[in-house]
Amino acid sequence: MRTEDVLAATATGLWRWDNAAGTVTLDAEAARLLELPAAAGVFRESAVRSRFHPVDWNEIYGVVSLALAEGTLAEARLRIVDRSGRVLRTVRSRCKPLPPETPGGADYVLVGTLQEVAEPQPGTTGAHTPITGDWRRSREAFLLDAGRALAEARSTEEVLRVAASLSMPGFSPDGLAVFGVAGERLTIIGHHGHSVGDEDPFTNMPLETDYPAAEVVRTGRAIYLPSPEDYSRRYPVTWPLASRFGRRSWAFLPLIVAGHTMGAWLAGFKHPVSFSPDERSVLTTVARMLAQALTRAGVAETERELSLGLQRSMMPTLGPEVPGMTVAARYIPTGGGLQVGGDWYDMIPLPNGRIALVIGDVQGHDVRAAGLMGQLRIALRAYASEGHRPDAVLSRASRFLSGLTDAYEGEATGPRFATCLYAEVDPETGTLDIARAGHPDPVVTTADGTAMIRQTEGGLPLGVEEDADYPTSRLTLEPGETIMLCTDGLIETGGHDMFSGWDRLRPVLEQHTTDMEKLADALVQAVHGPTSHYTTGPLADRREDDIALVLLRCDGGTRRQTAPRRTALTIAQAEPERIAAARQQLRDLLHDWADPEQVDAAVLMISEMATNVLVHTDGDALMLAQATGEHGERRLRVEVSDGSDELPHKRRPGEMASSGRGLVLMEMLADAWGVDPRGSGKSIWFELHESGPEAGTGS
């Protein structure tokens with residue numbers, strides 16, 4: 001009997017599908033099964049495709065791709081329909097995909113059989129059957145969820161946890177293991193469904209071992225073992241290692257990324273699994289997603305460890321304790337993924353027994369900014385250790401940074417600049433000599449909890465001008481007072497400007513805390529914590545800028561509510577706008593004064609006094625303000641000094657006069673006032689005694 005007769009008797013036909021030519025060759029039985037003229041011939045692919053249910057035809061591509069990848073047979077059930085879409089019969093296809101002649105090509109040839117199966121009955125509708133419909137929909141939903149979950153995993157541990165929680169449609173494994181490769185040996189990256197120590201026999205296993213995972217890594221092809229008999233027959237040497245887990249089926253799949261096999265994935269089942277084409281397709285897809293997720297997680301972990309190591313090397317801890325003072329510091333990197341940026345702080349022991357506090361911000365948040373920050377920080381330490389004064393340290397640092405950025409002129413990003421504040425601290429006297437290069441002013445919190453921005457002299461940011469000057473300002477910390485140095489990230493994060501950002505931080509600084517570590521945490525929490533959504537300004541919990549923060553507290557005795565409040569400010573002839581800063585400093589000093597009208601009067605008088613110096617002399621004005629006494633009974637004394645020996649005279653200006661009212665206002669508004677000659681120059685002063693309906697009641 002001829003082979004053709006045997007095949008026809010069993011309703012089995014032969015077909016050959018040439019993907020490149022777009023033709024399908026059928027024998028007579030195959031043509032009959034496809035409702036084509038019952039004669040052998042070559043048909044166009046479109047004519048054959050019209051006989052299959054559209055869903056089944058689309059499934060062929062996935063099945064063929066899987067068979068090509070695994071080097072196995074492509075098996076599928078296909079429904080034959082008429083022109084109205086009614087199912088006439090169901091055929092089973094078993095084909096061998098022949099790989100393309102050109103490596104990496106997309107063309108292939110299918111050679112195989114078509115055989116009629118008993119279901120469904122002719123005349124039924126073309127609704128999806130459980131095999132070709134519902135199961136496939138469940139599979140697609142599962143793969144979407146699995147892909148989303150694996151894409152969101154940020155670490156190897158999370159990837160393994162997601163893989164262990166995947167519930168595959170109809171055949172979920174109860175045990176998983178992910179193998180990696182180290183040299184010529186297998187390693188265990190992680191496992192699930194096993195006890196601690198179960199992985200020991202499989203750790204550091206040579207790749208030459210007769211073990212399925214080792215073979216998968218060597219060949220890059222999946223291995224399916226549907227029964228213990230298959231396992232023991234194919235891998236008798238390592239079968240005893242696997243038999244003790246009591247599983248019935250195993251799938252070992254390669255983890256391939258960019259054509260390289262990076263490891264293997266084991267899925268073990270306590271129930272028998274036949275590993276149909278659909279099941280193998282699901283496992284293969286999950287393995288591909290798992291390999292990509294593990295690769296991403298590995299790269300992210302490497303970059304994270306690199307950036308953290310860079311951060312640790314660039315951001316050292318504070319030095320030894322400072323006698324009589326407490327120091328706390330924080331560095332919070334931006335949330336853009338890179339854990340280092342351009343902000344930094346430092347504490348440097350100086351040759352004269354003093355210490356230097358440095359805080360700065362290099363433009364940008366990228367690797368180059370971090371590199372420039374590291375170089376600039378080293379240069380500042382070197383200049384400071386040579387014993388230079390603050391102004392000389394910043395001048396040299398600016399020249400150094402200008403030389404560095406000049407080397408990058410050819411880059412699209414251009415040169416960089418940096419802001420910096422350098423403070424030389426004398427722990428014995430509490431004095432700080434401060435030089436500032438475009439950096440935010442420091443904030444001083446007095447012993448009674450009043451926080452004020454202390455205006456200091458400043459110059460251009462480092463690197464902008466090679467020979468820039470940086471004048472030095474001196475202030476003194478009294479016992480119980482705290483100074484805060486910070487970068488603009490602490491103030492402006494969350495949509496703030498300098499003014500609204502200061503309003504957000506001021507209540508935190510005025511909490512009368514003596515614990516600098518808790519205060520540092522509270523300041524950062526005010527910017528990044530949950531409460532940041534409900535304080536002043538258009539806030540959002542964003543980390544668009546790095547934050548560096550240094551707190552220095554002068555110890556020495558119990559904080560007293562009667563401790564004097566002081567502020568000082570120099571108003572230069574070339575900077576008349578600093579009169580507004582003097583007014584604001586005075587308001588900050590008197591923020592809890594009992595009578596608001598007295599505050600307005602004091603602000604008006606200081607404005608008149610400072611303006612007179614700038615208009616009628618050639619020198620600068622120095623403002624000193626101090627409030628002493630118990631709350632409700634305090635005394636404010638404000639002095640404005642200048643270098644001119646010419647004393648002011650009280651006049652009676654007419655209605656149209658534009659000047660001459662300063663001393664008249666002081667006589668009307670102040671409780672006491674006067675003019676004191678001081679050798680070279682003079683001092684104009686006034687005093688106010690706290691009074692009003694709220695005097696003595698507190699704030």
Side-chain angles (χ1 to χ4, degrees), residues 444 446-448 450 452 454-455 475-476 478 560-571 578-617 619-653 657 659-699:
V444 174
T446 62
D448 70 343
T450 301
M452 296 180 294
R454 292 298 298 266
Q455 301 283 344
L475 59 87
T476 302
E478 299 294 338
R560 299 171 298 161
Q561 293 295 327
T562 57
R565 300 181 188 174
R566 299 187 183 91
T567 187
L569 180 67
T570 299
I571 304 171
R578 289 176 73 85
I579 295 177
R583 292 196 295 262
Q584 185 59 47
Q585 282 205 20
L586 192 57
R587 286 193 179 277
D588 290 342
L589 188 74
L590 305 177
H591 73 96
D592 58 351
W593 200 262
D595 187 354
E597 293 186 359
Q598 284 188 310
V599 177
D600 293 338
V603 170
L604 176 60
M605 287 187 284
I606 190 63
S607 183
E608 284 287 338
M609 294 161 64
T611 301
N612 285 339
V613 171
L614 299 186
V615 171
H616 299 295
T617 73
D620 301 338
L622 173 63
M623 180 198 76
L624 298 173
Q626 176 175 289
T628 59
E630 296 289 342
H631 192 283
E633 300 177 354
R634 287 171 291 189
R635 174 175 295 182
L636 171 69
R637 181 181 178 88
V638 179
E639 299 181 9
V640 175
S641 304
D642 64 79
S644 173
D645 295 329
E646 183 179 353
L647 300 179
H649 302 282
K650 184 169 66 174
R651 294 180 290 170
R652 298 294 178 182
S659 63
R661 295 187 175 86
L663 297 184
V664 175
L665 286 173
M666 293 176 63
E667 187 175 63
M668 295 174 57
L669 300 176
D671 292 313
W673 68 279
V675 180
D676 296 336
R678 290 190 174 178
S680 177
K682 62 181 179 298
S683 171
I684 307 174
W685 59 271
F686 69 85
E687 290 185 354
L688 287 177
H689 303 158
E690 188 174 19
S691 62
E694 299 180 7
T697 62
S699 60

A.B. asks: Out of curiosity, Glu667 CD to Phe686 CZ, how far, rounded to the nearest 0.5 Å?
C.D. replies: 15.0 Å
A.B. asks: Set out, in order, the CA-CA distance, both residues' side-chain angles and the distance that settles side chain to side chain contact (heavy atoms under 4.5 Å, CB included) for Thr567 and Asp588, then state yes or no.
C.D. replies: CA-CA 10 Å; Thr567 187; Asp588 290 342; over 6 Å; no
A.B. asks: Restricting to non-hydrogen atoms, name the atom on Ile571 and the atom on Ala610 that form the minimum distance, rounded to 0.1 Å.
C.D. replies: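 Taking every non-hydrogen atom into account, CD1-CB, 3.8 Å.
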A.B. asks: Within the 4.5 Å heavy-atom criterion, are Met452 and His591 side-chain neighbours or not?
C.D. replies: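 No, every pair of side-chain atoms sits at 4.5 Å or beyond.
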A.B. asks: For the CZ atom of Arg634 and the CG atom of Leu688, what is their distance to the nearest 0.5 Å?
C.D. replies: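 One gets 12.0 Å once the value is rounded to the nearest 0.5 Å.
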A.B. asks: Out of curiosity, Asp448 CG to Glu630 CD, how far, rounded to the nearest 0.5 Å?
C.D. replies: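 Between Asp448 CG and Glu630 CD, I get 10.5 Å after rounding to 0.5 Å.
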A.B. asks: Using salt bridge (charged side-chain N to carboxylate O under 4.0 Å, His left out) as the criterion, list what pairs up with Glu639, not counting sequence neighbours.
C.D. replies: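 Only Arg637, Arg678 meet the salt bridge (charged side-chain N to carboxylate O under 4.0 Å, His left out) criterion with Glu639.
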A.B. asks: Would you check if the side chain of Glu690 reaches a backbone N or O of Gly632 as a donor-acceptor pair within less than 3.5 Å?
C.D. replies: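 Side chain of Glu690 to backbone of Gly632: a pair is present.
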A.B. asks: Of the non-hydrogen atoms in Leu669 and Ala601, which two are nearest, and what is the gap between them?
C.D. replies: CD1-CB, 4.0 Å
A.B. asks: Backbone N or O of His689 within a donor-acceptor pair of the Asp671 side chain at under 3.5 Å?
C.D. replies: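 Yes; judged by distance alone, with no hydrogens or angles, the pair exists.
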A.B. asks: Can you give me the closest heavy-atom contact between Leu636 and Leu590, atom names plus distance?
C.D. replies: CD2-CD1, 3.6 Å
A.B. asks: Evaluate the criterion side chain to side chain contact (heavy atoms under 4.5 Å, CB included) for residue pair Gln584 and Gln455; output intermediate values, then yes/no.
C.D. replies: CA-CA 10 Å; Gln584 185 59 47; Gln455 301 283 344; over 6 Å; no
A.B. asks: Which heavy atom of Trp673 sits nearest to which heavy atom of Ala670, and what is that distance?
C.D. replies: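 That would be CB-CB, 4.4 Å.
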A.B. asks: Determine the minimum heavy-atom distance between Arg454 and Ala568, stating which atoms define it.
C.D. replies: NH2-N, 3.5 Å
A.B. asks: In Å, rounded to the nearest 0.5 Å, how long is the span from NZ of Lys682 to OG1 of Thr617?
C.D. replies: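 Here the interatomic distance stands at 6.0 Å.
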A.B. asks: Could you pull out all residues at least two apart from Asp620 that satisfy salt bridge (charged side-chain N to carboxylate O under 4.0 Å, His left out)?
C.D. replies: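 Not a single residue meets the salt bridge (charged side-chain N to carboxylate O under 4.0 Å, His left out) criterion with Asp620.
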A.B. asks: Tell me, please, which residues at least two apart from Ser607 pass side-chain hydrogen bond (donor to acceptor under 3.5 Å, both in side chains).
C.D. replies: Arg583
A.B. asks: So which atom in Gly619 and which in Val613 form the shortest heavy-atom distance, rounded to 0.1 Å?
C.D. replies: O-CG1, 4.2 Å
A.B. asks: Keeping Arg578 on the side-chain end and Thr570 on the backbone end, is there a donor-acceptor pair under 3.5 Å?
C.D. replies: yes
A.B. asks: Nearest 0.5 Å, please: how far is CG in Leu586 from CH2 in Trp593?
C.D. replies: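 One gets 9.5 Å once the value is rounded to the nearest 0.5 Å.
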A.B. asks: Look at atom CZ of Arg635 and say whether more than 12 heavy atoms of other residues, nucleotides or ligands are closer to it than 6.0 Å.
C.D. replies: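 No.
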A.B. asks: Who pairs with Glu597 by side-chain hydrogen bond (donor to acceptor under 3.5 Å, both in side chains), at least two apart in sequence or on another chain?
C.D. replies: none
A.B. asks: Can you sort out the partners of Asn612 under side-chain hydrogen bond (donor to acceptor under 3.5 Å, both in side chains), two or more places apart, ordered by chain and number?
C.D. replies: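 If we apply the side-chain hydrogen bond (donor to acceptor under 3.5 Å, both in side chains) test to Asn612, skipping adjacent residues, there are no hits.
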A.B. asks: Please enumerate all residues that pass side-chain hydrogen bond (donor to acceptor under 3.5 Å, both in side chains) together with Asp600, with sequence neighbours excluded.
C.D. replies: Arg587
A.B. asks: First locate atom CD of Gln585, then atom CD1 of Ile606, and finally report the distance between them rounded to the nearest 0.5 Å.
C.D. replies: 10.0 Å
